[in-house]
Amino acid sequence: MNIHVTTQAIQGLQTDALVVAAARKAGKDEQGVQLSALATTIDGALEGLLSEICTSGEFKGGLGELLTLHTMGRIAAKRVILIGLGSKVTTQSLRRASAVAARHLQNTGAQHITLALQWSGTQEQARSSEVQAEVEGALLGLYTFRMYKQSENTSTDKTIAQLGVFLEDATAQTIVEQAIEQGRVLAEATNFARNLVNEPPNVLTPTELANRAVGMAQRFGLEYEVFDKAKITELKMGGILGVAQGSAEPPQFIVLRYRGGQETDKGLALVGKGITFDTGGISIKPAAGMDEMKGDMGGAAAVLGAMQAIAALKPRINVTALVPTCENMPSGTAYRPGDILRISNGKTIEIVNTDAEGRLILADALSYAVKEGFSPIVDLATLTGAIVIALGNITTGVFSNDEQLTNEIIAAGQIAGEKFWALPMDEEYGESIKSDIADIKQTGSRAGSSITAAKILEHFVGDTKWAHLDIAGTSYLDSKKPYQEKGATGVAVRTLAELARKLAV
Ligand code: BES
Ligand code: ZN
Ligand code: ZN
């Protein structure tokens, strides 16, 4: 798709659809709709049609509310799409509105669309983050996963070929072009992560995940290394080997390095859980919904997506991705409840439930990150069902030993339009994971089990600044939203890229 800036007079703009915005007036005594400056210009050219529809109450300006007007030659654009931004206009509402509009236009056969959603006028910083959000939103909204649908693969008519971003004064062109580029980079990295999660588990094996990571690293100029089973054995990564031993697929440990900082600085480590399919193992999961466990490598995908974005945005910081990946299968060679595994830092874990496999492979990866001296360490994992109960699919849970890092992640999320919420890590939560026969027990009771899982991980990070993001609820949608289809969300890619920028010198 071609994305470009359009500075032509808005009335003469040739396009299949021109997208303009309106907000809902939020004040106590105020009701009605407020058109953006650009929408007001269009309203003038259409002899008051837009304001008429707004005063009639037909269009209320709610977030994602969409109205189509055919212009019948009154202006050069064939259609005008009025999209609602809700009562509180933020970059996130622009992102969502843009996604809804782009999705709708793709589904109704538009090929050339022009976004004119900017809300707050010409102030440089505001305009640039708004344009970035518009472009990001459109590219995220247009995402589909149709690789395996032969019928849709052969027809090309339902794709948008040209995406214009309208700009009223040509002097800001360079800034707007930069904003477009940032939005494109972040959305493409998110969509890369979504593809990895949406791929079926017979295709995306641990070996294939490593291949995709290496392919991306080559395209984006990152250093890469993949540890095979022999190397993983040499490193004594007993957690990864234990989980992988029931599967015919060998485990892999993917390492990607981006160097933007000082030579001597170890920098940030991003660790991602890469279970390419989680059956639960011997403690097997129920059949209903098990197919969704192809997404149990969402943490790995987020980390790899973030590395792609970071490689393109080039912040002045060193960032290393560590991705342990394997399958969790039941078989005659599988690990069992009752087993004791030894993690690479020497600590032993008494296995209680083979479905709690994520913490085991992360324990090895975190130990490795600590040994290598990275700081801070941020891990991402579809770790617990309990976080889905606690926060739903809206907010990601944050568990950390460092308040400042927690706040930086939450702040990075606000910029990226992703929500994070810190959960407690008090000592008392660690009491249920004491074992009689090993250093720690793999699981506690069901109560507060997302926190218990985080407490296990904490055992492997020592004093290093660390945060764990449980994305089990936010990484995968089991039903579609107006701005996104069912399946992978690519959560945390943009937040991690933003975090790397924040931590850069
Ligand atoms: N991969 C699952 C967690 C999960 C659940 C991810 C729902 C996405 C959606 C994880 O490996 C798991 O099975 N965790 C168990 C742990 C329990 C056995 C202590 C859980 O949360 O039920
Ligand atoms: Zn599991
Ligand atoms: Zn799992």
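Atoms considered below: every heavy atom in the structure, side chains included; atoms not considered: hydrogens, waters and symmetry mates. First listed ligand is number 1; within each ligand, the first listed atom is number 1. In this text the structure is predicted, and so the values were computed from the model without any measurement.
For ligand 1, the polar-atom distance check finds no N/O of T443 at less than 3.5 Å from any of the ligand's N/O atoms. Among the atoms of T384, none of the N or O lies under 3.5 angstrom from an N or O of ligand 1. Below 3.5 Å of separation, one finds no N or O of R359 facing any N or O of ligand 1.
Residue D355 holds the heavy atom nearest to atom 12 (C) of ligand 1 of all those in L360, D355, V388.
A salt bridge between R184 and E136 is absent, with no side-chain N of the basic residue lying under 4.0 Å from a carboxylate O of the acidic one. Between R336 and D339 there is a salt bridge, with a side-chain nitrogen of the basic residue lying less than 4.0 Å from a carboxylate oxygen of the acidic one. Between E427 and K455, no side-chain nitrogen of the basic residue sits less than 4.0 Å from a carboxylate oxygen of the acidic one, so the salt-bridge criterion is not met. With salt bridges taken as basic N to acidic carboxylate O contacts below 4.0 Å, none links E498 and R494.
If you check which protein heavy atom lies closest to atom 18 (C) of ligand 1, you get N353 ND2, 3.4 Å. Atom 2 (C) of ligand 1 has its closest protein heavy atom at D278 OD2, 3.6 Å. Remark: minimum distance from atom 17 (C) of ligand 1 to any protein heavy atom is reached at A356 CB, 4.3 Å. Counting protein heavy atoms only, atom 20 (C) of ligand 1 is closest to G385 N, 3.7 Å. Of all protein heavy atoms, the one lying nearest to atom 9 (C) of ligand 1 is M293 CE, 3.5 Å. Here the heavy atom of the protein found nearest to atom 14 (N) of ligand 1 is L383 O, 3.5 Å.
The OD2 atom of D278 and the NZ atom of K273 subtend an angle of 170° at the Zn ion (ligand 3), given to the nearest 10 degrees. When rounded to 10 degrees, the angle formed at the Zn ion (ligand 2) by OD1 (D355) and OE1 (E357) equals 120°.
Residue contacts to the Zn ion (ligand 2): D296 brings no N, O or S atom closer than 2.8 Å. At a cut-off of 2.8 Å, A356 does not coordinate the Zn ion (ligand 3) through any N, O or S atom.
Atoms of ligand 1 lying under 4.0 Å from any heavy atom of A472, numbered from 1 in the order shown and given with element: 6 (C), 8 (C), 9 (C). Of all atoms in ligand 1, listed by their number and element, those nearer than 4.0 Å to a heavy atom of E357 are 11 (O).
Contacts with ligand 1 closer than 4.0 Å are made by side-chain heavy atoms of K273 only, the backbone lying farther away. Here D296 has side-chain heavy atoms under 4.0 Å from ligand 1, and that is the only part of it that gets that close.
Considering all non-hydrogen atoms of both residues, G246 and T333 come closest at CA-OG1, 3.5 Å. What you find for A454 and H468 is that their closest heavy atoms are CB-CD2, 3.8 Å. The shortest heavy-atom contact between L423 and G397 is CD1-CA, 3.8 Å.
Put simply, part of K285 is less than 4.0 Å from ligand 1, judged by heavy atoms.
Figure legend: cation-pi geometry between R194 and F145 absent, as NZ or CZ is not positioned both under 6.0 Å from the six-membered ring centre and within 45° of its axis.
In the model, T279 has no side-chain atom that pairs as donor or acceptor with a side-chain atom of N328 under 3.5 Å.
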When you look at S375 and T464, which way does the side-chain hydrogen bond (donor to acceptor under 3.5 Å, both in side chains) test go after all the steps? CA-CA 6 Å; S375 178; T464 308; 5.9 Å; no
Could you walk me through whether D364 and S344 pass side-chain hydrogen bond (donor to acceptor under 3.5 Å, both in side chains), step by step? CA-CA 6 Å; D364 273 327; S344 53; 3.1 Å; yes
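F253 and Y368 have perpendicular rings, their planes meeting at more than 60° on a 0 to 90° scale where under 30° would count as parallel.
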